[in-house]
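Some notes on the structure that comes next.
Residue numbers begin at 1 in each chain, while the letters A, B, ... track the order of the sequences.
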There are 2 protein chains.
Amino acid sequence: MSAKGPRSNTAEEILDIAEMLIQTRGYNAFSFQDISDRLGIRKASIHYHFASKTALGVAVVERYSAGFTEALQAVEADETKSAMDMFDCYTGPYREFADTPDRVCLCGALAGEILALPVEMRERVEAFFKMHLAWLKRIVARGVKRGEFEFSVTNGQMARTMFGALQGALLVKRTTGDSSQMSDVIKVLKAQLTG
Amino acid sequence: MSAKGPRSNTAEEILDIAEMLIQTRGYNAFSFQDISDRLGIRKASIHYHFASKTALGVAVVERYSAGFTEALQAVEADETKSAMDMFDCYTGPYREFADTPDRVCLCGALAGEILALPVEMRERVEAFFKMHLAWLKRIVARGVKRGEFEFSVTNGQMARTMFGALQGALLVKRTTGDSSQMSDVIKVLKAQLTG
DNA sequence: GTCTATACAAAGATAGAC
DNA sequence: GTCTATCTTTGTATAGAC
């Protein structure tokens, strides 16, 4: 994570809108015109803040990724939390997305079109995924060590399953419109962790 | 499902290529030019077989959906199979996709860009999803009734979790490139079914 | 920083010859 | 059925005025 200088208000608004558009429609299905319509400035003006669509996409992923990573680090550092508490913190954003119509995790959305993404974005999405998996594996291992969790597969297998299940649940929930999808999945995952 | 007449070879080849392109790049990120390049006919000629891109997309989904539905019906009708056998049959295509680089389930791919899809396609993707969920719920219920399965959530919750986990696993596997993702998830799901 | 104007490429689609 | 040619729209991007 390189240290980025402070950004202008307009640049931040562009990032907000772009993030929302990617989460709802995907990277390849949104245009500068869409941002222009919502922000009220001409699409050419967007290029003043972000030289290219690729640069904008990269900035969106980096901002999102940095915020998420920071939050996860804070959760992990809190020694007063049980492993299950940490897992509950982790699922918080997923529950929020599930309650927001048509919205999925940014990187889940981008993962769906990973091969149609500029390489600069692809690398960052991959790195973000791997960060999630590594974090979950550490939390799972912690729960096992403390005697909170008990299951019959490896920690890595459990972490992967949980991550995939949560990402998949967002996908399914948006398509079927069934908001109970997410809470069902979390319930099953928690039952699974405790054996 | 309306009864479609037999299609020409070229039309079938177009469908094959379009299906592959949607599975790897997504609907909005492929063009008639991509098909033209691979098939060796000019892009205008594609319009002879499919009037519009929407019509082509619909045809791809319907063919895929019909094939999948038929296969699932056959599995379900086979009384000699245990519920776990049926689940193993169900996961077959997922395991295949997981072993094919860069390929995911067609409808998982389309689900990622559902809001950026023509309505005609959206409806069909939604229906296909609901068919999967209903089928899984029936198989799960069957396993419970026969004493094969045992778990602490409802049949519907279990079916949703399994479907989401499998779709999510394909997504994660493609992004991380880790082919063991799918077998890990299936292993966990099976452990979960048997309590 | 935002505007108008414009360049340039690619997309989906149609018309008509062969 | 496939071709060439063309139309129209949309997309990303740049130049230069304000």
Worksheet item: Is A:Val172 linked to A:Ile186 within one hydrophobic cluster, defined over Ile, Leu, Val, Met, Phe, Trp and Tyr using a side-chain heavy-atom separation of less than 4.5 Å?
Response: no
Item to complete: Check every atom of C:dG1, D:dT2, C:dT4 against the side chain of A:Ser8 and return the nucleotide holding the closest atom.
Response: C:dG1
Discussion item. Whole angstroms only, please: what is the CD1-P distance between A:Ile41 and C:dT2?
Written reply: 5 Å
Worksheet, complete the sentence: Where DNA chain D forms runs of at least three Watson-Crick or G-U pairs (i with j, i+1 with j-1, under 3.5 Å), the stems are C:1-18 with D:1-18
Discussion item. With a 4.0 Å cutoff (strictly under), does any side-chain N or O of B:Tyr48 reach OP1 or OP2 of D:dG1?
Written reply: yes
Worksheet item: Taking atom C1' of D:dG11 as reference, at what distance in whole Å does atom CD of B:Gln33 sit?
Response: 17 Å
Response to the item:
To the nearest angstrom, the CG-P distance between A:Asp37 and D:dT10 comes to 11 Å
Worksheet entry | Minimal non-hydrogen separation, B:Val60 against B:Ala18, with atom names | CG2-CB, 3.8 Å
Worksheet entry | Selection residues 158-195 of chain B - residue pairs positive for ring pair (Phe, Tyr, Trp, His ring centres under 6.0 Å), sequence neighbours left out | B:Phe129-B:Phe163, B:His132-B:Phe163
Item to complete: Would you kindly give the CD1-to-P distance between B:Ile46 and C:dA10, to the nearest whole Å?
Response: 16 Å
Discussion item. My understanding is that only residues two or more places apart in sequence, or in another chain, count here; which of them pass side chain to side chain contact (heavy atoms under 4.5 Å, CB included) with B:Asp178?
Written reply: A:Arg160, B:Thr176, B:Ser180
Item to complete: In whole angstrom, give the distance that lies between atom CZ of B:Arg25 and atom C1' of C:dA11.
Response: 14 Å
Practice prompt. Starting at atom CG of B:Asp34, determine the distance to atom C1' of C:dA9, rounded to an integer number of angstrom.
Written response: 15 Å
Discussion item. Taking 4.0 Å as the cut-off, does a side-chain nitrogen or oxygen of A:Ser45 come that near to OP1 or OP2 on C:dC3?
Written reply: yes
Discussion item. If the condition is side chain to side chain contact (heavy atoms under 4.5 Å, CB included), which residues does A:Ala159 pass it with, not counting sequence neighbours?
Written reply: A:Leu136, A:Lys137
Worksheet item: Touch check for B:Phe50, heavy atoms < 4.0 angstrom, all strands: base, sugar-phosphate only, or nothing?
Response: nothing
Worksheet item: Can you name the residues that form a side chain to side chain contact (heavy atoms under 4.5 Å, CB included) with A:Lys187, not counting sequence neighbours?
Response: B:Val153, B:Gln157
Worksheet item: Partners of A:Ser31 by side chain to side chain contact (heavy atoms under 4.5 Å, CB included), sequence neighbours excluded?
Response: A:Gln33, A:Asp34
Fill in: For A:Thr24, all residues meeting side-chain hydrogen bond (donor to acceptor under 3.5 Å, both in side chains), sequence neighbours excluded
none
Worksheet entry | Distance in angstrom units between A:Ile35 CD1 and C:dT2 C1', rounded | 16 Å
In a table with atom names and distances, give each donor-acceptor pair under 3.5 Å that connects a side chain of residues 48-58 of chain A to protein atoms at least two apart or in another chain.
unit_1  : atom_1 : unit_2  : atom_2 : d
A:Ser52 : OG     : A:Ala55 : N      : 3.1
A:Lys53 : NZ     : A:Tyr27 : O      : 2.9
A:Lys53 : NZ     : A:Phe30 : O      : 2.8

Practice prompt. With a 4.0 Å heavy-atom cut-off, tell me which residues in residues 9-18 of chain A come close to DNA chain D, sorted by residue number.
Written response: none
Worksheet entry | Contact state string [nucleotides 13-18 of chain D, B base, S sugar-phosphate only, - no protein heavy atom under 4.0 Å] | BB----
Response to the item:
When rounded to whole Å, the CZ to C1' distance for the pair A:Phe30 and D:dT12 reads 11 Å
Which pairs of donor and acceptor atoms, one on a side chain in residues 143-150 of chain A, lie under 3.5 Å apart (sequence neighbours left out)?
unit_1   : atom_1 : unit_2   : atom_2 : d
A:Arg146 : NE     : A:Glu148 : OE2    : 3.0
A:Glu148 : OE1    : A:Ala83  : N      : 3.3
A:Glu148 : OE1    : A:Met84  : N      : 3.2
A:Glu148 : OE2    : A:Ala83  : N      : 2.8

Worksheet entry | Residue pairs, two or more places apart or on separate chains, that pass ring pair (Phe, Tyr, Trp, His ring centres under 6.0 Å) and touch residues 168-195 of chain A | none
Worksheet entry | Minimum-distance pair of heavy atoms, taken over all atoms of A:Arg174 and B:Ala111 | NH2-O, 3.1 Å
